[in-house]
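Single-structure report; data block below.
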Amino acid sequence: MNKEQILEIRKEFPYLDEDKMGRKIVYFDNGATSQKPKCVIDALSNYYSYENANPHRGAHYLGMLATERYESARETVKSFINAKQPEEIVFVRNTTEALNLIAYSYALEYLNEGDEILISIYEHHSNLVTWQYVAQKTGAILKYVYLDDNHELDMEAFKSSLSEKTKLVSLAGASNTVGAVIDVKEITRLAHEVGAVVSIDAAQLSPHVRVDVQDWDVDFISFSGHKMYAPMGIGVMYGKYELLDKMVPYMYGGDMIEYVYEQNTTFAKPAAKFEAGTQNVGGAIALAAAIDFMERVGVENIHEHELALTDYAYKKMSELEFVEIYSTPSYNRSPLVSFNIKGVHSHDVSTVLDTYDIAIRTGHHCAMPLHGYLKQNSTCRVSFAIYNTFEEIDFFIDKLKEVRKVMGYGS
């Protein structure tokens, strides 16, 4: 996309409005959460202003309207990820809840002692601690795949780790620290050859690339709305219908039942079986608006622009002798660069950059085992979205040099 197109897109984001904010914000923390376009904010506001009611309950106009809008959002998500049917789309709060749902409703029910769960060393804690718990409860064995020299998933190690004992493969589609992107289709094919079920944490994937669950043949996919221009508190767990149908509910209560008797209950079919209680209806509607925004801009256009930004930043940062980079050098990567400035703590880097209105992420990024593997206590991370520009990267590079000066390195 050209510069003029990006500037037009920026106008849709109130947070980037210099006149209203009173300053120019360089927002490079998109891996944590993206900013929201006005169409998403308006969709949320419009629901609570004019359509607010509890879906699947009232027989009045607003109740039916809320139901229609909520289920329409499900259809939008279904089309966005190319699921076979809307019943395969379960609304949750976020990726973390989706992964826990899979753990409690599937893994705790179907994994046994001696079964193996295969994950990578770069997983977010949501896709790591969860499986530690399952392993402890079931007696299953948690196995790790490590990284190759390019800080990408070692595919040869992955292949050699698979066996008839592998019952679940759960991997991040894209790392939130090293930026490595896996071939989900190939991973799934290999896992299915040994009879394993595949769960993909797509939190860092769905905002940037075209997700196609049918083409990939993946069993479960989880992602959060707030990283892809939607509000916080809404996410998606996709599961193949035949798996969802045999899984036990994760929560119990209203709207997930078929019949309730004094001593027993029968449950609704998916996806209702996993959506107990009043859901985040406004969030689902706003998620649909965010998807509409992404489709209007073009998911492929978003991906292309973010790849170009990331490559530009990576090359510029590589030219700075005082910067250590931990992200993969591969061009096909998540739109982020993790780094440290030699001799300067990551929190100090962030604090100094913040004085120039540059927002970055520092810490272990909920990936402590990966940081242990990298022999780093914490790292800095810049992450990009469709509204970021090459000029912002140039400004950021210039201020990295200022960080060194402020911290007493050079003049």
Does the cation-pi check pass for [X] over [Y], that is, NZ or CZ under 6.0 Å from the six-membered ring centre and within 45° of its axis?
{"X": "Arg333", "Y": "Tyr314", "result": "yes"}
{"X": "Lys78", "Y": "Tyr238", "result": "no"}
{"X": "Lys399", "Y": "Tyr356", "result": "yes"}

Side chains of [X] and [Y]: donor-acceptor distance under 3.5 Å anywhere?
{"X": "Asn340", "Y": "Thr379", "value": "no"}
{"X": "His371", "Y": "Gln376", "value": "no"}
{"X": "Glu71", "Y": "His56", "value": "yes"}
{"X": "Asn54", "Y": "Asp255", "value": "no"}
{"X": "Tyr70", "Y": "Glu275", "value": "yes"}
{"X": "Asn30", "Y": "Tyr387", "value": "yes"}

Give, for atom [atom1] of [X] and atom [atom2] of [Y], the distance between the pair rounded to the nearest 0.5 Å.
{"X": "Trp131", "Y": "Ser126", "atom1": "CH2", "atom2": "OG", "answer": "11.0 Å"}
{"X": "Tyr229", "Y": "Asp292", "atom1": "OH", "atom2": "CG", "answer": "14.5 Å"}
{"X": "Phe390", "Y": "Ile6", "atom1": "CZ", "atom2": "CD1", "answer": "8.5 Å"}

Of all the heavy-atom pairs spanning Ser170 and Asn127, show the shortest one and how long it is.
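Where Ser170 meets Asn127 most closely, the heavy atoms are OG-OD1, 2.6 Å.
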Return the minimal non-hydrogen interatomic distance between Ser206 and Met228, and the atom names on each side.
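The answer is OG-SD, 3.5 Å.
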Hey, are Asp311 and Lys315 close enough for a salt bridge, meaning a charged N less than 4.0 Å from a carboxylate O?
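Salt bridge present between Asp311 and Lys315.
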Classify the angle between the aromatic ring planes of Tyr104 and Tyr250 as parallel (below 30°), tilted (30 to 60°) or perpendicular (above 60°).
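Geometry flag for Tyr250 against Tyr104: tilted rings.
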With ring centroids as reference points, do His364 and His125 lie under 6.0 angstrom apart?
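Distance test on ring centres: under 6.0 Å, yes.
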